[in-house]
Amino acid sequence: MIERKATVASRVGLHARPAAIFAEAAGEQSADITIALEGSPADEAMDASSILSLMSLGAEHGDVVVLRSEDDGAGDALDSLVRILETDHDA
Amino acid sequence: MSTFTGVGVSPGRIVGPVRQMPRPVAEPSAGEKWSNTTVDEETARLKAAAKTVQAELQQRADAATGDSKAVLEATAMMAADPMLLKSANALIVAGTSAERSVWEAGSQVADMLRGLGGYMAERTQDVLDVRSRIVAELRGLPAPGIPTADHPFVLAAEDLAPADTATLNPELVIALITSSGGPQSHTAILARALGLPAVVAARGVETIDDGTEVFVDGAAGTVLAGPGDAERTAAAIWAEQARSLGSYSGTCTTTDGHRIPLLANVGSGADARKAADAGAEGVGLLRTEFCFLNRDTEPTVTEQSAAYREVFDAFPAGKVVIRTLDAGADKPLPFLTDASEPNPALGVRGYRTELSTPGVLDRQLKAISEAADGATTDVWVMAPMISTAEEAQHFAESCAAAGLKVPGVMVEVPSAALTAGAILQRVNFASIGTNDLTQYVMAADRQLGPLAALNDPWQPAVLQLIRQTVAGAETAHGGERSSGAPNGDVGKSVGVCGEAAADPALAVVLVGLGVTSLSMSSRALAAVAAVIGSVSLTDAQGLAQQALAAPTAIEARTAVRAGLPILTTLGL
């Protein structure tokens, strides 16, 4: 399993448009990817391609989230998702 | 031929085929099971329905712009969301039908979002809408919401919700008829904004079959199924008049030469340019909320100034009356208003936010002053929700400190109308906001359908308060003048910028009561000018006296309309 950490850059948090952009990008990856707030148990991680999961995660601006994949070849995919999270889509 | 009678809320006569708004999707009964199929087939059926709904919503998103595009895109993603389908599939495996499974899965998600509060809770309705669409698709029923068609139609519904109004295409929908709702319902407000003929509270219209041709008379409040030649002729005449009425010459004068400037209510630079094209002589109400809404922080002085300048530039030789921020009640702002107030309409709203969050007003005044610097526009500034002479005084001082020369107040709170004399000794003008003035003097929430009859600007109490405001302005005029008013005699004028000004019959009464300018949505300019142009100032004063003498709103309206035969001629 591999993982990456990212800080949510959007001022409104991971809601609405930023969540839609992220979920769509996560859904386009071939590997299954999960997302969780930093410090929460890995087995409570949620499907990163689900906009409803992202909304229920409630990640606010500045929160650190952990992206994980069981597929060890998904490093590039995780990196590209980290870049999306660390961009302020409301700017 | 059958006739349905309701309340006409937006004038116009039109003939067209009816399309019924689909009924709300009924809940699949609890415990509904699938049968004669397999788990795989049932989950595949759900997935196919979800994909179809997603594609439909995405198509609508592609056609939309701005905020509604973003909302529709997110909603489209919800339709085929892995989490939603996963929990629905778990129920299908246990034997529950696809319809009931997605219904329950949607409820769970909605409850969860509601529990998170704030922005998430506001998205609950989107999830429930998606759920209804999937169930309708599974049942082979039309999708809920406004029907689509390739030809123009008359939309029949029980009532329209705010969410429907965002998706209504005015090129397809040519009239609105509803079985419930009132004069201030969302349907009525939308119809007036779009200039669509509309009849509300017409019982029975929900039973008219799709495709049936009807004649809608939005002034008389009638809907007639199976129209004949007389109705077709009436509709043709209306269409012809609407074309000639469609443009306002830019001057509104009574038959004896009394000029009434007609201004527009606008909410952005684009609106202002449209209003200028429609012939408006200026802006009587610039709602500055457009700079502030959908934001979590206050816009900077520079941002505000650029937005206001855009409006000034639409009227280089005209007047623009800017209303300072009117947040609170139905327009909450996260950085300014307290959403947990028990009674927001009576809470810290409008000018009162200056008490709880001082500074925002001064920065806004600075932005207005910067925007006005170098502009040729005659810039007036007014504060909403002023209740006392002290508030008016304080606002005038703030304007003076920012270098703004023409301060004024909105008259919406009955106390401001009753003490207009004292208030207008401190500021240069008043603009009556009849919508709020009516809700406050009648103690009737303007958003409540059952109170529609109370929320009528023809109510005798409202007309009395307008008269009192004008009388107050006259006494103040004789008293101490505010200094610095440009062009000599512009002080102490009383305008009206509520829905009342857009009702041609009521506009005549307002002129007769001594109101000096009227501000309305650009669409109403031509009709109001035509009707005011059919009377002399003396006629208008006579009609105003009749309206004041009438004991009820209905009698006031009936008496005035009887004195204005042009209304019938024009179908208004």
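Throughout, protein chains are lettered first and strands after them, A, B, ... in sequence-line order, and every chain is numbered starting at 1.
- Here the straight-line distance linking atom CE of A:Met55 with atom CG of B:Leu116 works out to 8.5 Å at 0.5 Å rounding.
- A 6.0 Å sphere centred on CG of A:Asp43 holds more than 12 heavy atoms belonging to other residues, nucleotides or ligands.
- For A:Asp32, the CG atom counts as loosely surrounded, since its 6.0 Å shell holds 12 or fewer non-hydrogen atoms of other residues, nucleotides or ligands.
- Smallest separation of non-hydrogen atoms from A:Ser53 and B:Met83: OG-SD, 3.0 Å.
- Heavy atoms only, all atoms of each residue included: B:Pro82 and A:Ser49 are closest at CG-OG, 3.4 Å.
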Q.
The test is side-chain contact (heavy atoms from CB on, under 4.5 Å); show your working for A:Arg11 and B:Thr297 and say whether it passes.
A. CA-CA 10 Å; A:Arg11 280 184 299 125; B:Thr297 54; 4.1 Å; yes
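- Rounded to the nearest 0.5 Å, atoms CG (A:Leu52) and NZ (B:Lys86) are 13.0 Å apart.
- Within 6.0 Å of the CD atom in B:Glu303, the count of heavy atoms belonging to other residues, nucleotides or ligands exceeds 12.
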